[in-house]
Amino acid sequence: MSDETIEVLLEEGKVFPPPEDFKKQAWVKDDTIYEKAEKDFEGFWATFAEELHWFKKWDRVLEWDPPWAKWFINGKINVSYNCLDRHIQTFRKNKAAIIWEGEPGDIKIYTYWDLYREVCKFANVLKGLGVKKGDRVAIYMPMVPELPIAMLACTRIGAPHSIVFGGFSPASLRDRIIDAEAKILITTDGGWRRGKVVALKENADEALRETPSIEHVIVVKRTENDIPFKKGRDLWWHELMKDASSVCEAEPMDAEDILYILYTSGTTAKPKGVVHTTGGYLTGVYATTKWVFDLKEEDTFWCTADIGWVTGHSYIVYGPLALGTTSVMFEGAPDYPDKDRFWGIVEKYGVTVFYTAPTAIRAFMQWGKKYPEMHDLSTLRLLGSVGEPINPAAWMWYYETIGKSTCPIVDTWWQTETGMILITPLPGVTTLKPGSATKPFPSLKADVVDEKGTPVPPGGGGYLVMKTPWPAMLRTLYKDPDRYVKTYWDRYGKEIYFPGDGAKKDMDGYIWILGRVDDVMNVSGHRISTMEVESALVDHPAVAEAAVVARPHDVKGQGIMAFVILKGEQSASSELEADLKKHVGTVIGPIARPDWIVFTEDLPKTRSGKIMRRLLKDIAEGKELGDTTTLRDSSIVEKIKDSVK
Ligand code: 7RM
């Protein structure tokens, strides 16, 4: 038996120091920055804030009364001003701000000047409908350019937005509108998904039956299908925009005014309304966009997330635009019309920095090399990963097949709540280890601790914690400050942030995220992370993807059940099953050998692509299935259920 909180089983592999030519040109090439930033925590953040435009400078950088933080006290700033007005006064005026490609292949390119005018116009539309500073605006849209325009218009007039991902159900939309008491809803007639129309307006109408706070619905015409239109309440975007003035002063906002609310679903209970404020959030996403992605004036940055998630908020819209970058935005799916769609986009726009999720990378692996090989990917110089632990096998594939062994990979750990990347390599200085998010961003302190909050020794596993505040941190949960304290700041005292992830710390102090703590198994008294077993499985040449959960076991207490998706050309057999068990035993040790293997064609995933092990656990335990409404495709669990005996 081990006394570690979570045992560390996987061995480490290769290391990748930054390539010399990358290092030479990088923003950060000297790792003494870590020391300097720690010594002068506030000064470090003030330097980034000074690169932004403030109507009035702050008096103090930070007021930290744990767990309550205020950043840039009394500073006055506007996010839309920083993303637009600041650039149109420079050579960036006619630079592409957003290169947008629709699923059917239509293209729109907005220069900073174009975007500025559209945003001002829409800000005037909102004002005309009575939206005032502080009023909440709900947004339920697919990935169309009107989405960032609406966001920036909200920030221009100081109206917090609450974006609800377009794949969410009417009930989810309804609950979020009710909680935020939104006055306006912005949506579209529909959205394109693999050639079919997603009925957004119909969904919205269903939600709106129970949302008394909504006064108007603004509808963007996208798919041009017939939709119900409620006279007086519903208004067309294009009609409102026709006569709107393109002059609209940006409202000076207090640094601590709410910029947006973004709901994140807890495991069961009601979604949490994560509150982000203005000055600190912008400073944090600006700094991390610049340093983590090493973005220069010439770069073309593509973050493949949906703007409905925090990744899109921070790294498609606010960070890149604050920096004056060209940000690519794509409406469609990676496999439509064919599985080379992403690589065609990289080639067509000459994408230089590409940021995606492990779930997508594992799908690319499964589809095979032939798709990326159809395109010239030589413009790429840096790759990023976010959303889940990236297993070393997927990391290596990404590195070799997409990056041609020349692009560093930044594995960035963060959350909706953190607003910005917190644990990450800096590509010009960090020696990479496939599977590790490496170290906290300069100035920040993270650690891995046991149940009592004592740091685990190097090589040990436990709970990830943050020991410093950071500028883009959530300030509270909307209308629920008690839940804010209880969820994040109660476990180890009010100064220590508990994100709910397990992690290990290696001999060099590198952090390896092991996944959500709810996913840790207890096998014969050993606390084992599901992620490590999954990683070992995916390391086998026949396996495309795997999800591991605990199942009651007569002898061990909990046994290990693995759900495995095979690569295209492979077929299930009892020999392969035995071989996979043996493989895991060899790679990480007999204790982690799966007791049961279930071959499946798909896994239950959230709409943002994270595996929902909770449902697999219900299946493994033969229990009634828990809430499946957050699943991307709820038919999958029924299919898997049938194959588990
Ligand atoms: C950005 C985002 C947050 C959770 C987080 C982790 C997991 C995210 C990584 C990761 C391992 C990573 N926001 N996670 N990034 N795990 N390595 N690089 O995903 O709010 O939707 O999710 O995602 O468990 O707590 S989120």
Side-chain angles (χ1 to χ4, degrees), residues 6 10 163 165 167-168 261-267 271-274 276 284-285 288-289 292-293 303-316 318-319 355-362 383-392 394-395 398 409-425 430 432-441 446 448 461 463-466 470 472-474 477 487-488 497-504 510-520 529-532 534-535 605-614 630 632:
I6 303 173
L10 268 183
I163 304 184
F165 171 59
F168 273 135
I261 305 166
L262 182 56
Y263 287 86
T264 175
S265 31
T267 29
K272 304 187 278 263
V274 169
H276 284 296
V285 299
T288 47
T289 306
V292 174
F293 299 112
C303 164
T304 70
D306 191 290
I307 292 176
W309 309 116
V310 73
T311 307
H313 282 60
S314 296
Y315 299 108
I316 296 177
Y318 293 125
Y355 189 34
T356 197
T359 178
I361 298 166
R362 289 188 296 261
L383 303 173
S385 169
V386 61
E388 282 183 291
I390 177 166
N391 46 289
W395 196 104
Y398 195 26
I409 297 178
V410 285
D411 175 1
T412 63
W413 177 89
W414 60 295
Q415 305 176 296
T416 304
E417 291 87 341
T418 71
M420 62 188 255
I421 293 166
L422 294 188
I423 302 179
T424 178
T430 311
L432 307 171
K433 300 186 186 185
S436 171
T438 74
K439 293 185 177 181
F441 192 77
V448 181
Y463 305 103
L464 180 68
V465 292
M466 290 303 302
W470 62 95
M473 64 198 283
L474 79 167
L477 292 175
T487 312
Y488 307 106
Y497 176 78
F498 176 61
D501 281 354
K504 67 173 179 179
Y510 276 45
I511 290 170
W512 300 65
I513 310 293
L514 298 173
R516 306 295 300 166
V517 290
D518 320 327
D519 293 336
V520 173
S529 122
T530 54
M531 180 286 238
E532 290 204 312
E534 287 161 9
S535 188
K605 291 198 181 150
T606 64
R607 288 167 208 270
S608 64
K610 297 193 213 288
I611 299 171
M612 286 194 69
R613 294 178 190 75
R614 179 172 59 76
T630 51
R632 178 176 289 168

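Order of listing sets the numbers, starting from 1, for every ligand and every atom in it. What you see is a predicted model, and the numbers here were worked out from it, not measured in a lab.
- Side chain to side chain, Tyr318 and Thr289 fail the donor-acceptor criterion of an N or O pair below 3.5 Å.
- Listed by number with element, the atoms of ligand 1 under 4.0 Å from a non-hydrogen atom of Asp411 are 12 (C), 17 (N), 18 (N).
- One side chain, Thr412 or Tyr355, offers a donor N or O that lies under 3.5 Å from an acceptor on the other.
- Applying the side chain to side chain contact (heavy atoms under 4.5 Å, CB included) test between Thr288 and each of Phe293, Trp470, Tyr315, Trp414 identifies Tyr315 as the sole match.
- Counting protein heavy atoms only, atom 3 (C) of ligand 1 is closest to Trp414 O, 3.6 Å.
- Between Glu388 and the choices Arg362, Arg516, Lys610, the salt bridge (Lys or Arg N to Asp or Glu O under 4.0 Å) rule is met once, by Arg362.
- Ligand 1 lies out of reach of Ala437, whose nearest heavy atom is not under 4.0 Å from it.
- Proximity of a side-chain donor or acceptor of Ser436 to a complementary backbone N or O of Thr438 within less than 3.5 Å is detected.
- Of the N or O atoms in Glu388, one or more lie within a sub-3.5 Å distance of an N or O in ligand 1.
- Between Thr311 and ligand 1, no N or O atom pair is found at a separation short of 3.5 Å.
- Met531 contributes atom CE, which lies 10.5 Å from atom CD1 of Ile390 (distance to the nearest 0.5 angstrom).
- Atoms of ligand 1 found under 4.0 Å from any heavy atom of Val386 (numbered from 1 in listed order, with element): 1 (C), 15 (N).
- What sits closest to atom 11 (C) of ligand 1 on the protein, heavy atoms only, is Pro389 N, 3.1 Å.
- Distances between N or O atoms of Gly387 and those of ligand 1 include at least one value under 3.5 Å.
- Between Tyr497 and Tyr488, the ring-plane angle classifies as parallel under the 30° and 60° cut-offs.
- Of the candidates His313, Arg516, Lys610, Lys610 brings a heavy atom nearest to atom 21 (O) of ligand 1.
- Residue Thr412 touches ligand 1 through its backbone alone, judged by heavy-atom distances below 4.0 Å.
- Not a single heavy atom of Thr264 sits under 4.0 Å from any atom of ligand 1.
- Of the N and O atoms on the side chains of Lys605 and Thr359, at least one donor lies less than 3.5 Å from an acceptor on the other residue.
- For atom 5 (C) of ligand 1, the closest non-hydrogen atom on the protein side is Asp501 OD2, 3.2 Å.
- Looking only at heavy atoms of the protein, atom 20 (O) of ligand 1 is closest to Thr416 OG1, 2.7 Å.
- For Trp413, the ring-ring contact (aromatic ring centres under 6.0 Å, His included) criterion is met by no residue, not counting sequence neighbours.
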